[in-house]
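So that the names make sense, note that chain A is the first sequence line, chain B the second, and so on, each numbered from 1. This is a predicted model, so every value here is computed, not measured.
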Amino acid sequence: MPNKAVQFRIEKTLSLVPRGKVVSYGLLADLCGLPGRARMMGKCLREISIDCNWHRVLRSDGKIAFPAGSEKAEEQRQRLITDGVLVKNYRVNMKKFGWTPDLLTILVELEY
DNA sequence: CACGTGACATACC
DNA sequence: GGGTATGCCACGT
């Protein structure tokens, strides 16, 4: 399993993502202090508890990363819809639903 | 050390 | 929008 501290950062960061908003793997990596390591996020998320906001993480183009039709993709789609996020063909409009974190919040909550 | 692989990203066509 | 090509980083073989 990947770095424990990284998982903690991910969970903490995800706890700040408001309901109805989503983040990309890349932005999540940035907020965790790991720029350029988007691919690492997925690896870590596999090991993280299901009650975190893992379903609010999408690819930069807004698509669900799991193969369309797979069980995980379906679950994520459902949870996003429950959040009030509009999901069309396993894709979300990032301009509309993409989370733009408040800078001050980041400094206070995530001072790494 | 050379590849292959992945819950990725960006640029182009 | 889709499809291809590169770049990227961590890990395993």
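Without hydrogens or angle criteria, A:Asn3 side chain to A:Ala5 main chain gives a donor-acceptor distance under 3.5 Å. Side-chain atoms of A:Lys21 come within 3.5 Å of backbone atoms of A:Lys96 as a donor-acceptor pair (strictly under, hydrogens ignored). A donor-acceptor distance shorter than 3.5 angstrom exists from the side chain of A:Arg56 to the backbone of A:Val17, with no hydrogens or angles considered. A:Tyr90 places a side-chain N or O within 3.5 Å of a backbone atom of A:Gly69 that can act as its donor or acceptor partner.
As rounded to the nearest Å, C:dC8 and B:dC12 have P atoms that lie 16 Å from one another. Distance noted for atom C1' between B:dG6 and C:dG7: 14 Å (whole Å).
Look at CG on A:Leu34: it is 16 Å from C1' on B:dA9, rounded to the nearest Å. One interatomic measurement links the two molecules: CG of A:Asp30 to C1' of C:dC8, which rounds to 13 Å at whole-angstrom precision.
A side-chain contact (heavy atoms from CB on, under 4.5 Å) with A:Glu75 is found for exactly one of A:Arg79, A:Gln78, A:Arg77, A:Glu71, namely A:Arg79.
At a threshold of 4.5 Å between non-hydrogen side-chain atoms, the residues A:Ile10 and A:Val57 do not count as touching.
Side-chain N/O atoms of A:Arg37 include one lying less than 4.0 angstrom from OP1 or OP2 on C:dA10.
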Please enumerate all protein N or O atoms sitting under 3.5 Å from an N or O of nucleotides 6-8 of chain B, with distances to 0.1 Å.
residue: B:dG6; atom: N9; partner: A:Arg39; partner atom: NH2; Å: 3.3
residue: B:dG6; atom: N7; partner: A:Arg39; partner atom: NH2; Å: 3.2
residue: B:dG6; atom: N1; partner: A:Arg39; partner atom: NE; Å: 3.3
residue: B:dG6; atom: N2; partner: A:Lys43; partner atom: NZ; Å: 3.1
residue: B:dG6; atom: N3; partner: A:Arg39; partner atom: NE; Å: 3.2
residue: B:dA7; atom: N3; partner: A:Tyr25; partner atom: OH; Å: 2.5
residue: B:dC8; atom: N3; partner: A:Arg39; partner atom: NH1; Å: 2.6
residue: B:dC8; atom: N4; partner: A:Arg39; partner atom: NH1; Å: 2.4
residue: B:dC8; atom: N4; partner: A:Arg39; partner atom: NH2; Å: 3.4

